[in-house]
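From a predicted model like this one, the values you see are computed outputs, not experimental measurements. Computed over heavy atoms, backbone and side chain alike; hydrogens, waters and symmetry mates excluded.
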Amino acid sequence: MENLAIARVFEEIADLLEIKGENPFKIRAYRNASETIAHATEQLSRCTEAQLRAISGIGKELAAKIREFAETGEIRYHRDLLEQFPPTILDLLHLQGVGPKTVALLYGQAGISTLDELEAACRDGRLRELKGMGKKKEELILKALAERKQRTGRHLMPDAAEAAGLLLEYLHAQCPEVNFSVVGSLRRGVDTTGDIDILATGVDPRVMPAFTSYKLVDRILGQGDTKSSVLLWGGFQADLRLVPEQSRGAALQYFTGSKAHNILLRDRANLRGFKLNEYGLFRLDTGVATAGQREEDIYEQLGLASIPPELREGRGEIEAAERGELPGLISLDDIRGDIHAHTTATDGREDIETMALAARDAGLSYLAITDHSKALAMANGLDEHRAIEHARRVREIGSRLDGITLLAGIECDIKPDGTMDLADDCLAELDVVVASIHSAFNQEAAQMTDRVLRAVANPYVDIMGHPTGRLLLKREPYKVDVPALVDAAAAAGVALEINCQVDRLDLCDTHAKLARDKGVKIVISTDSHAKGGFRLMKWGVTVARRAWLSAEDVLNTRTVEGFKAGLRRNVKRSSD
Ligand code: DGT
Ligand code: CA
Ligand code: CA
Ligand code: ZN
């Protein structure tokens with residue numbers, strides 16, 4: 001793996017030399033060597049200088065540089081070259097279709113050194129005026145800029161978590177003495193991730209080269225002793241920071257963030273006569289470190305209970321920690337049932353029994369089968385007759401399975417006028433009704449809110465499914481007034497769903513917290529359409545944790561009897 005890292009540095013040296021307009025033979029020598037190194041079968045960092053020089057195309061100078069890299073994790077000459085340009089010059093170089101010759105032109109003739117400057121030059125027609133450019137090149141560059149923006153944009157948190165998991169596994173294997181942790185928004189469980197932040201603690205010069213030579217690295221964006229950044233295939237940017245072991249806790253704290261939380265914590269430290277940074281918590285008067293190795297010590301020294309990463313958003317968690325009033329957050333183990341799943345009766349991939357057994361294997365003790373209603377024609381939604389027949393089959397299969405209780409439910413469409421897609425006497429026959437919107441997303445706020453409130457008013461609606469309809473990075477929520485929905489749900493005893501589909505995570509954290517604050521019960525459901533879907537439960541739990549929810553706030557942490565008793569249809573209310 002390290003060979004690739006060395007090859008990339010040589011390649012970059014060649015590029016930088018070319019931008020500088022240096023001797024073509026020298027440039028060629030670095031390019032050829034890079035090629036050779038990338039394809040070498042032996043681990044070059046373990047070779048002696050003599051062994052290296054035996055390789056064709058590697059002379060005394062290049063062999064020395066390879067040794068330098070093996071020993072220190074970098075090449076001084078490379079760093080010196082980098083320092084002769086603005087650091088953003090590599091962003092230009094890494095654009096599809098932009099080589100060192102073009103960069104030399106852009107930088108040398110027009111002083112362009114950032115992507116923003118490049119885009120501006122394209123847009124105002126300056127670029128095509130440059131010698132050797134033109135309309136065609138301009139189009140090419142604009143396209144590359146657009147693609148890059150897309151690749152380095154935000155990603156769904158579960159996708160980033162998977163990419164980070166693989167990277168961490170690799171790093172652990174490469175440097176077993178070093179501690180690696182995921183920090184940043186991913187550790188806080190934010191629903192989308194800008195970049196993947198990883199913290200390494202310990203001393204091992206192999207950490208940075210191991211990171212930059214990871215096989216899924218597309219490009220190296222920056223490489224240093226304490227910080228490197230790479231772009232992974234799939235468009236994830238990953239940052240790795242290395243700090244000494246005695247700063248582990250402080251660095252975990254600092255790089256987990258959020259920025260808002262960190263600012264509040266730093267101010268608190270200052271008020272109490274401390275300085276807080278990524279290396280530790282220091283007394284302002286003496287400069288002595290009072291905490292650094294353990295993250296919880298930092299909070300403790302500042303008079304705070306340990307704050308779970310999911311709560312670190314500057315939304316009142318510091319005050320709550322000071323008063324000792326942080327909630328005991330829900331965890332995946334607390335979940336006992338899943339209240340939203342589809343089968344082959346509509347748009348699911350598996351039959352009732354397969355889904356039931358998969359839910360049991362996932363550790364659940366009850367499952368509500370909630371297929372679609374007839375308005376969703378493309379999903380072959382159920383009409384009243386089929387819904388009742390399906391419920392009978394669900395109950396029949398449930399009665400002969402051990403270890404899992406099946407509930408006969410439905411995910412009933414809320415029609416554009418707010419009426420339910422199935423007749424009340426049908427809904428009354430079922431164990432649980434999830435009401436969802438799958439049509440007319442573009443209604444204006446007043447109409448949409450009215451529609452949703454009408455559904456809440458239906459006595460057979462127990463749960464509002466994916467209540468805002470958002471699709472992360474794809475579709476805005478529809479214009480429902482969420483506070484109004486929350487108030488209505490509280491009054492009616494209707495529960496709100498946190499849907500675990502990775503692109504939904506709907507309700508979101510802040511709305512779910514609002515619901516909790518208003519006493520609305522939450523249900524966390526996977527909306528599984530196949531037997532693998534139950535493993536998504538953890539993502540909904542992450543949202544719930546970010547919403548400050550405890551197990552008591554979530555209906556499907558109860559036993560099946562307790563769950564049923566908590567449903568709106570079964571609760572006798574004073575207003576009824
Ligand atoms: P992201 O990447 O947009 O999903 O969000 P984060 O929170 O991961 O942000 P990122 O990657 O820019 O930085 C990681 C953490 O490092 C951040 O949550 C807090 C810390 N950090 C970054 N910049 C600053 C800063 O200027 N001041 C303070 N106090 N902390 C910072
Ligand atoms: Ca980040
Ligand atoms: Ca970052
Ligand atoms: Zn749905």
Side-chain angles (χ1 to χ4, degrees), residues 339-340 370-379 381-384 387 409-428 430 432-472 474-499 501 504-523 525 527 543 547 555 567-571 573-576:
I339 319 303
H340 193 156
T370 56
D371 273 301
H372 288 290
S373 63
K374 63 178 189 275
L376 216 56
M378 54 176 204
L382 308 173
D383 60 15
E384 283 84 353
I410 192 118
E411 180 181 17
C412 185
D413 259 53
I414 303 169
K415 293 197 286 188
D417 65 357
T419 58
M420 299 303 293
D421 188 25
L422 298 180
D424 281 0
D425 59 355
C426 169
L427 299 180
L430 303 172
V432 56
V433 170
V434 179
S436 303
I437 285 180
H438 295 112
S439 63
F441 299 121
N442 294 327
Q443 289 179 342
E444 285 309 318
Q447 194 182 6
M448 183 59 89
T449 302
D450 186 57
R451 174 183 185 185
V452 169
L453 297 189
R454 281 191 74 175
V456 169
N458 183 305
Y460 302 106
V461 167
D462 300 299
I463 299 165
M464 298 298 282
H466 43 76
T468 76
R470 73 166 181 179
L471 290 181
L472 283 163
K474 251 189 296 195
R475 186 173 78 202
E476 289 298 305
Y478 35 70
K479 298 196 191 90
V480 56
D481 178 345
V482 174
L485 166 61
V486 165
D487 287 342
V494 166
L496 299 181
E497 178 183 87
I498 293 176
N499 186 293
Q501 292 290 308
R504 288 193 184 271
L505 301 180
D506 178 15
L507 294 178
C508 68
D509 51 6
T510 51
H511 287 153
K513 181 166 191 290
L514 175 71
R516 171 202 107 125
D517 292 346
K518 298 279 183 157
V520 175
K521 289 293 179 227
I522 297 291
V523 167
S525 297
D527 196 356
V543 174
L555 274 183
L567 288 178
R568 183 259 198 100
R569 65 181 54 223
N570 301 321
V571 175
R573 304 181 78 79
S574 50
S575 58
D576 289 350

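- Taking CG from Asn442 and CD from Glu476, the interatomic distance works out to 12.0 Å, rounded to the nearest 0.5 Å.
- Between the Asp509 side chain and the Val543 main chain, no donor and acceptor come within less than 3.5 Å of each other.
- Judged by distance alone, with hydrogens and angles left aside, the side-chain atoms of Arg470 form no donor-acceptor pair with the main-chain N or O of Arg475 at under 3.5 Å.
- For the residue pair Val494 and Val520, the shortest heavy atom distance occurs at O-CG1, 3.6 Å.
- Between the side chain of Thr370 and the backbone N or O of Gly409, no donor-acceptor pair lies under 3.5 Å.
- Separation of atoms OG1 (Thr468) and NZ (Lys479) is listed at 13.0 Å; rounding is to 0.5 Å.
- Separation of atoms NE2 (His466) and CG (Leu505) is listed at 12.5 Å; rounding is to 0.5 Å.
- Here the shortest heavy-atom pairing between Leu567 and Leu555 reads CD2-CD1, 4.4 Å.
- Of all non-hydrogen atoms in Lys415 and Met420, the two that sit nearest each other are CE-O, 3.6 Å.
- Between His372 and His438, the ring planes lie perpendicular to each other; the angle is over 60°, past the 30° to 60° tilted range.
- Judged by distance alone, the side chain of Lys374 and the main-chain N or O of Asp421 form a donor-acceptor pair under 3.5 Å.
- The backbone N or O of Ser525 lies less than 3.5 Å from no partner atom in the side chain of Glu497, so there is not a single donor-acceptor pair.
- Side-chain N/O atoms of Asn499 and Gln501 include no donor and acceptor closer than 3.5 Å.
- Here the closest non-hydrogen pair linking Ala428 and Tyr460 is CB-CE2, 3.5 Å.
- Of the possible polar contacts, one joining the Asp462 side chain to the Arg569 backbone as a donor-acceptor pair under 3.5 Å is found.
- Formation of a donor-acceptor pair under 3.5 Å by the Arg516 side chain with backbone atoms of Ile522 is not found in this model.
- Looking only at atom types and distance, the side chain of Asp481 has no donor-acceptor partner in the side chain of Thr449 under 3.5 Å away.
- For the atom pair NZ (Lys518) and CG (Asp487), the distance works out to 4.5 Å, reported to the nearest 0.5 Å.
- Annotation for Val456 and Arg568: closest pair O-NH2, 2.7 Å, computed over non-hydrogen atoms.
- In terms of heavy atoms, Val480 sits closest to Pro467 at CG1-O, 3.9 Å.
- Distance check, rounded to the nearest 0.5 Å: CG of Asp413 to OG1 of Thr419 gives 10.5 Å.
- Arg504 places a side-chain heavy atom less than 4.5 Å from the side chain of Leu471.
- Rounded to the nearest 0.5 Å, atoms CD1 (Ile410) and CG (Leu382) are 4.5 Å apart.
- Side-chain contact between His511 and Leu496: absent, with no pair of heavy atoms (C-beta onward) separated by less than 4.5 Å.
- Two residues are said to be in side-chain contact when any heavy atoms from C-beta on lie closer than 4.5 Å; Ile414 and Met464 meet this criterion.
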